[in-house]
> 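Encoded as structure tokens, here's the structure I'll be asking about.
In what follows, every heavy atom counts, from backbone to side chain, and hydrogens, waters and symmetry copies are set aside. What you are looking at is a predicted structure, and each value in this text was computed from that prediction instead of being measured.
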Amino acid sequence: MIHYYLEGNLLWLKTILPVGIIKGLHEHGKEVPKDYSIVGFDDLVISRYSLPSLTTIRQDVFNKGAISAQTIIDMIELETTDPVNTNLPIEIIVRGSTRFL
């Protein structure tokens with residue numbers, strides 16, 4: 001599933017789409033980050049090699065999976081279906097695709 005949010009001229013995208021968006025904007029005479037700031041999610045390796053390099057939100061996917069698995073085990077053992085909310089840390093990796101707004 002793809003999620004995107006447009007706030008002013010800041011575009012947030014999940015998955016690899018930001019790299020293609022940057023290319024498409026360039027092909028239509030728009031400059032990143034001058035005209036649009038683009039932020040990706042997951043800090044994929046390609047984020048470092050796009051032009052400009054992609055600002056991204058990094059998450060610890062291993063930790064996310066471990067906590068998810070433990071939560072499921074706990075729910076099975078406790079025989080509960082009560083929802084569990086867990087906040088996990090993220091890190092913003094600022095690169096060349098954003099400017100100060």
Side-chain angles (χ1 to χ4, degrees):
M1 182 178 291
I2 300 165
H3 300 281
Y4 62 93
Y5 305 93
L6 186 57
E7 301 171 1
N9 71 344
L10 179 62
L11 186 61
W12 301 75
L13 295 161
K14 184 169 175 25
T15 70
I16 199 164
L17 277 178
V19 174
I21 295 292
I22 290 171
K23 182 176 187 277
L25 287 169
H26 178 75
E27 289 172 355
H28 286 88
K30 301 295 181 185
E31 294 181 38
V32 174
K34 180 184 173 193
D35 298 314
Y36 293 92
S37 289
I38 308 290
V39 178
F41 196 84
D42 288 338
D43 195 26
L44 300 175
V45 173
I46 196 169
S47 301
R48 292 175 224 143
Y49 301 108
S50 67
L51 290 174
S53 57
L54 182 64
T55 295
T56 186
I57 298 171
R58 179 185 294 159
Q59 62 177 335
D60 183 344
V61 292
F62 180 83
N63 187 41
K64 182 178 177 180
I67 289 172
S68 297
Q70 188 59 54
T71 300
I72 291 170
I73 291 167
D74 292 345
M75 291 176 78
I76 292 168
E77 289 176 350
L78 298 172
E79 297 180 358
T80 183
T81 57
D82 294 335
V84 176
N85 291 316
T86 304
N87 292 316
L88 302 175
I90 59 169
E91 180 182 4
I92 298 175
I93 309 300
V94 179
R95 296 192 179 107
S97 68
T98 53
R99 65 179 174 86
F100 183 75
L101 297 176

> Between Thr98 and Ser37, does any side-chain donor sit less than 3.5 Å from a side-chain acceptor?
no
> Is it true that Val39 and Val94 fall in one hydrophobic cluster, defined by side-chain heavy atoms closer than 4.5 Å?
yes
> Once side-chain hydrogen bond (donor to acceptor under 3.5 Å, both in side chains) is applied, do any residues pair with Asn87, and if so which ones, sequence neighbours excluded?
none
> For a 4.5 angstrom cut-off between non-hydrogen side-chain atoms, does His26 reach Glu31?
no
> Check salt bridge (Lys or Arg N to Asp or Glu O under 4.0 Å) between Arg58 and all other residues, then give those that pass, not counting sequence neighbours.
Asp43, Glu91
> Check whether any side-chain heavy atom of Ile21 sits under 4.5 Å from a side-chain heavy atom of Ile38, and report yes or no.
yes
> Please name all residues satisfying side-chain contact (heavy atoms from CB on, under 4.5 Å) with Val61, sequence neighbours left out, ordered by chain then number.
Gln59
> Can you tell me if Ser50 uses its side chain to pair, donor with acceptor, with the backbone of Val19 under 3.5 Å?
no
> Transitive ILVMFWY cluster of Ile76 at side-chain heavy atoms under 4.5 Å: who else is in it?
Ile72
> If you group Ile, Leu, Val, Met, Phe, Trp and Tyr whenever their side-chain heavy atoms sit less than 4.5 Å apart, what else falls in with Leu78?
none
> Could you identify which residues cluster with Leu88, counting Ile, Leu, Val, Met, Phe, Trp and Tyr as linked when any side-chain heavy atoms lie under 4.5 Å apart, either directly or through a chain of such contacts?
Ile67
> Output all residues satisfying side-chain hydrogen bond (donor to acceptor under 3.5 Å, both in side chains) with Asn63, sequence neighbours left out; order by chain, then residue number.
none
> Would the number of heavy atoms belonging to other residues, nucleotides or ligands and lying under 6.0 Å from CD1 of Ile46 be above 12?
no
> Could you tell me which residues satisfy side-chain hydrogen bond (donor to acceptor under 3.5 Å, both in side chains) with Thr80, sequence neighbours excluded, listed by chain and number?
Asp82
> Should Ser47 and Arg95 count as side-chain neighbours, where that means a heavy-atom distance under 4.5 Å?
yes
> Please report the shortest heavy-atom distance between Thr56 and Phe41, naming the atom on each side.
OG1-N, 3.6 Å
> Among all residues two or more places apart in sequence or in another chain, which pass the salt bridge (Lys or Arg N to Asp or Glu O under 4.0 Å) test with Lys23?
Glu27
> Under 3.5 Å, is there a donor-acceptor pair between the side chain of Ser97 and the main chain of Pro52?
no
> Keeping to residues at least two apart or across chains, list the salt bridge (Lys or Arg N to Asp or Glu O under 4.0 Å) pairs with something in residues 59-76.
none
> In the structure I gave you, are the side-chain heavy atoms of Leu54 and Ile22 within less than 4.5 Å of one another anywhere?
yes
> So, for Pro18 and Gly40, which heavy atoms are closest and what is the spacing to 0.1 Å?
CG-CA, 3.8 Å
